[in-house]
Amino acid sequence: MEVVTRIAPSPTGDPHVGTVYVGLFNYALARKHGGRFIFRLEDTDRQRYQELSEQRILEMFTWLGLEPDESPVKGGPNGPYRQSERLDVYRAHVERLIAEGHAYRAFETAEELDAMRAEQRRLGRPLGYDGRGRTVPREEQERRAAAGEPHVVRLVTPDDGTTTFTDRLRGQIAFANEEIRDPVLLKSDGYPTYHLAVVVDDHLMGVTHVIRAEEWITSTPIHVLLYRALGWHLPEFVHVPLLRNPDRTKLSKRKSDTSVDSYRRQGILPEALLNYLATLGWSMPDGREFFSVDEMIAAFDLDRISTGEPIFDLKKLKFFNAKYLRELLPLEDVAARVKPLFVERGFELGDDPDYVLDVVDVLRPRAETLVELADQAGYFFTEEFPYDEGARKQLAAGQTHLQAVERELSMLEFFDYDGVDDMLREYVQDQAVPMGKVMMPLRAALTGTTSAPGVVDLIVILGKRRALARIGRALTFIDAGLPDDDPQKALEEARRQEEAAKRGKPVAKAKGHG
RNA sequence: GGCCCCUUCGACUAGCGGUCAGGUCACCACCCUUUCAAGGUGGCGGCACGGGUUCGAAUCCCGUAGGGGUCACCA
């Protein structure tokens with residue numbers, strides 16, 4: 001039998017990591033068995049419906065590479081795939097359930113139900129619909145409905161006995177039927193509830209495995225009763241663990257960042273997100289921690305899903321992301337993905353494609369996300385970067401070395417890594433000074449910061465001309481007295497003074513050397 | 001509160017009667033080193049508790065505790 005799975009999100013807001021998580025397992029099982037993975041939109045709540053949500057969720061799956069075989073956009077043999085477009089289907093099944101005595105029309109108002117619950121609470125009795133509408137004669141139900149009286153349709157549930165089903169991961173689960181209280185199937189607005197819609201659609205769409213979060217366990221007996229009332233075979237139920245906030249409550253927007261779009265904006269890679277999510281509750285038989293979706297599919301086995309309750313840990317997600325950024329993805333790939341962020345920041349990329357590659361190569365071990373990488377890259381793409389506080393200190397202390405290195409560098413014959421490296425080492429040795437005394441001021445001059453890639457790498461990547469220019473700029477800056485404000489302004493001021501001096505006019509000195 | 005689910009290092013997990021209880025993240029130390037990272041090596045740290053079953057239990061059973069979910073005309 002063909003394996004058919006589905007993801008059935010509600011269009012109520014930002015694409016949620018929980019949707020990816022459950023979607024991943026559904027996708028993996030379907031692909032593993034050459035089956036189909038269906039995307040169905042559960043848009044039966046008109047209150048919480050959000051216009052753009054469907055599109056964003058669909059785009060998220062595309063971004064992740066978890067393409068559904070059937071969806072509202074793609075279509076397929078089981079459409080429509082929006083529940084709001086299937087109202088007649090649900091209505092037909094409800095009619096049948098009523099006709100066969102499995103359901104009835106109930107006319108209690110919201111106030112009436114509230115009062116009922118209040119009374120139950122007062123008496124300390126279990127909460128839930130007490131079945132009072134069952135006693136209304138069928139003819140009266142139909143008459144009132146025909147007269148346009150608002151009502152819902154409820155499922156008739158047994159008063160005693162138990163309803164049992166098998167969860168693939170947890171074994172047999174039994175519920176006393178008295179716990180199940182004639183749930184609403186069709187709302188008074190004519191829309192189905194989740195319970196009705198999910199059962200009807202899963203059956204009609206041929207879903208064989210219902211893989212969903214464990215929060216649904218308690219409503220599964222309702223579904224089982226419905227399957228029976230409709231005379232349908234049960235699918236396999238697989239309740240996967242619920243993702244948690246750090247305090248172990250159900251992952252929520254209030255306590256965690258649950259938006260996939262947000263992670264995407266932060267420069268999280270889809271590969272990393274999927275890989276990390278996969279390790280939450282699932283493991284490779286050989287213990288590998290890093291694997292692609294395809295590798296997961298190849299090794300996939302529902303029985304390897306654990307039942308623990310994993311905390312969604314941003315730190316570990318970042319770790320996975322960093323791993324992909326610096327090691328698992330080819331350099332060209334990473335470069336292609338950061339480039340748009342460079343452009344966004346107004347960086348002049350130039351026309352040498354290797355330059356960007358070199359920059360990314362040297363920066364990626366230092367970044368955990370694409371955004372972090374881009375944020376660090378500024379000085380590679382402008383000659384007008386600022387000097388931070390640490391850099392200014394280094395410049396102040398390193399003037400003589402900067403002048404010397406500027407001279408040495410300009411005379412350097414073999415301008416490659418070894419050439420520059422040899423030159424600097426010889427200089428340090430000749431001067432008999434600690435390396436840092438030379439390297440740190442150089443780094444400051446080259447980048448405006450004190451934490452950056454190796455000086456030799458920087459010089460080689462920037463090229464002789466720009467390296468020399470930057471050292472020269474730093475020296476001018478030092479001459480200007482290392483003001484705290486904008487270096488560009490300071491440098492212009494310095495130049496003005498220089499010209500004035502040439503013309504022999506006395507000028508006031510801005511500030512003495514620190 | 002009723003019902004249901006869950007329980008191995010701080011976090012994610014491997015384990016499915018016999019293991020020195022393994023790995024990863026985080027944390028700490030050391031190494032490498034011109035800074036920051038990355039990388040390397042090592043360390044800290046765990047079977048919730050109590051009963052059984054068994055020659056032998058993290059593994060099986062029962063109970064307790066703790067955590068979570070759910071009790072809507074939301075999904």
Side-chain angles (χ1 to χ4, degrees), chain A residues 8-10 12 42-45 47-48 106 108-110 113-114 117 121 124-129 150-154 167 169-170 173-176 178-181 183-195 197-198 212-221 239 241-242 244 246-250 276 279-290 303-304 306-313 315-320 322-323 326-327 362-368 376 390 394 424-425 428 434-444 447 449-456:
Chain A
S10 284
T12 55
E42 310 234 325
D43 58 344
T44 56
D45 184 343
Q47 257 56 263
R48 296 201 301 156
E108 290 78 25
T109 61
L113 293 174
D114 286 344
R117 272 187 286 268
R121 223 184 308 271
R125 301 258 32 111
L127 293 145
Y129 187 70
H151 65 281
V152 298
V153 175
R154 290 182 181 271
D167 178 273
L169 269 22
R170 301 155 207 268
I173 301 177
F175 287 83
E178 56 185 346
E179 299 286 332
I180 309 162
R181 328 290 284 261
V184 172
L185 300 178
L186 200 66
K187 299 185 262 187
S188 58
D189 63 2
Y191 280 68
T193 60
Y194 172 79
H195 304 305
V198 78
R212 69 202 342 175
E214 70 173 306
E215 58 184 325
W216 295 108
I217 288 177
T218 45
S219 52
T220 303
H239 290 98
L242 202 49
R244 311 287 174 149
D247 67 2
R248 295 218 171 265
T249 53
K250 178 162 87 167
Y276 171 58
T279 65
L280 261 31
W282 192 79
S283 58
M284 273 285 190
D286 63 5
R288 254 182 306 162
E289 308 256 336
F290 302 105
D303 296 325
R304 289 196 64 81
S306 63
T307 49
E309 301 164 331
I311 291 171
F312 184 79
D313 179 13
K315 264 193 178 172
K316 194 148 186 183
L317 203 215
K318 288 260 186 80
F319 164 76
F320 270 82
K323 186 81 175 177
R326 76 171 83 97
E327 196 177 317
V362 82
L363 248 26
R364 64 174 177 163
R366 296 170 166 78
E368 286 195 308
Q376 287 177 47
Q394 291 297 335
L424 286 171
R425 282 177 195 286
V428 167
M435 239 190 192
K437 292 277 186 212
V438 178
M439 296 303 203
M440 286 309 290
L442 262 175
R443 173 172 294 105
T447 68
T449 79
T450 52
S451 76
V455 165
V456 180

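These values consider heavy atoms only, across backbone and side chains, with no hydrogens, waters or symmetry-generated copies. Chain letters run A, B, ... following the sequence lines, proteins first, then strands; residues in each count from 1. If you're wondering where the values come from, they're calculated on a predicted model, not measured in any experiment.
No side-chain heavy atom of A:T12 sits less than 4.5 Å from a side-chain heavy atom of A:D45. Residues A:M435 and A:R425 are in side-chain contact: their nearest non-hydrogen atoms beyond the backbone lie under 4.5 Å apart. For the pair A:W216/A:V198, no side-chain contact is recorded, criterion being any heavy-atom separation below 4.5 Å from C-beta on. At a threshold of 4.5 Å between non-hydrogen side-chain atoms, the residues A:V152 and A:T193 do not count as touching. Contact annotation: the side chain of A:H239 approaches that of A:R212 to within less than 4.5 Å [non-hydrogen atoms, C-beta and beyond].
Across all strands shown, the partner of B:U41 is B:A29, judged by Watson-Crick or G-U wobble contacts whose two distances both fall under 3.5 Å. When both distances must be under 3.5 Å, the Watson-Crick or G-U wobble mate of B:C36 does not exist. Across all strands shown, B:C55 forms a Watson-Crick or G-U wobble pair with B:G18, both key distances being under 3.5 Å. Remark: B:A65 base-pairs with B:U7. Criterion, Watson-Crick or G-U wobble with two distances under 3.5 Å. B:C71 is paired with B:G1 under the Watson-Crick or G-U wobble criterion, all donor-acceptor distances under 3.5 Å.
Computed from coordinates, the A:L424 CG to B:U33 C1' distance equals 15 Å when rounded to whole Å. Rounded to whole Å, the distance from NE2 on A:H239 to P on B:C6 is 12 Å. As rounded to whole Å, 18 Å separates atom P of B:U24 from atom CG of A:L280. Distance A:M440 CE to B:A37 P: 12 Å, rounded to the nearest Å. Straight-line distance from the CZ atom of A:R304 to the C1' atom of B:A14: 8 Å, rounded to whole Å. In this structure, A:D286 places its CG atom 12 Å from P of B:G15, rounding to the nearest Å. Distance, A:I173 CD1 to B:C3 P: 16 Å, rounded to whole Å. Rounded to an integer number of Å, the gap from NZ of A:K316 to P of B:G23 is 13 Å.
Contact annotation for A:G281: backbone-only contact, meaning every heavy-atom pair under 4.0 Å involves sugar-phosphate atoms and none involves a base. Within 4.0 Å of A:A176, counting heavy atoms only, lies no atom of the nucleic acid at all. Contacts of A:P434 with the nucleic acid, taken as non-hydrogen atoms under 4.0 Å apart, are absent. Residue-level contact check: A:R443 touches the bases, meaning some heavy atom is under 4.0 Å from a base atom. Looking at heavy-atom distances under 4.0 Å, A:R212 makes no contact with the nucleic acid at all.
Ring to ring, A:F319 and A:Y276 are not that close: their centroids are 6.0 angstrom or more apart.
One P atom belongs to B:C16, the other to B:A29, and the distance between them is 37 Å to the nearest Å. Comparing the C1' positions of B:U19 and B:C28 gives a spacing of 28 Å, expressed to the nearest Å. Here, B:G45 and B:A11 have their C1' atoms 12 Å apart, quoted to the whole Å. The gap from the C1' atom of B:C60 to that of B:U54 amounts to 10 Å, rounded to the nearest Å. Going from the C1' atom of B:A58 to that of B:G18 covers 13 Å, rounded to whole Å. Taking the C1' atoms as reference points, B:C49 lies 10 Å from B:G66, given to the whole Å. On the P atoms, B:C62 is 26 Å away from B:U70, given to the nearest whole Å. Taking atom C1' on both B:C47 and B:U8, the two are 4 Å apart, rounded to the nearest angstrom.
Taking only side-chain nitrogens and oxygens, A:R121 never comes nearer than 4.0 Å to OP1 or OP2 of B:G2.
A residue-by-residue look at A:P285 and A:V456 shows that A:P285 has its nearest nucleotide of RNA chain B further toward the 5' end.
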Contacts under 3.5 Å, N or O only, protein and nucleotides 39-44 of chain B:
residue : atom : partner : partner atom : Å
B:G39   : OP1  : A:R326  : NH1          : 3.4

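Here the shortest heavy-atom pairing between A:A444 and A:Q394 reads CB-CB, 3.9 Å.
Just one of A:R181, A:E108, A:R117 meets the side-chain hydrogen bond (donor to acceptor under 3.5 Å, both in side chains) condition when paired with A:Y129; it is A:E108.
No hydrogens or angles were tested; on distance alone, nothing pairs the side chain of A:R170 with the base of B:C5 as donor and acceptor under 3.5 Å. The base of B:U34 has none of its N or O atoms less than 3.5 Å from a complementary donor or acceptor on the side chain of A:K437.
Take A:R170 and apply the salt bridge (charged side-chain N to carboxylate O under 4.0 Å, His left out) test, not counting sequence neighbours, and it matches A:D167, A:E214.
Using a 4.0 Å cut-off between charged nitrogen and carboxylate oxygen, A:D286 and A:R288 count as a salt-bridge pair.
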With sugar-phosphate taken as primed atoms, P, OP1 and OP2 and all else as base, the protein-contact string of nucleotides 57-75 of chain B at under 4.0 Å (heavy atoms; B, S, -) is ----------BSBSSSBBB
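Between the side chain of A:Q376 and the backbone N or O of A:R366, at least one donor-acceptor pair lies under 3.5 Å. Panel note: side chain A:K187, backbone A:T44; a donor-acceptor pair is recorded below 3.5 Å.
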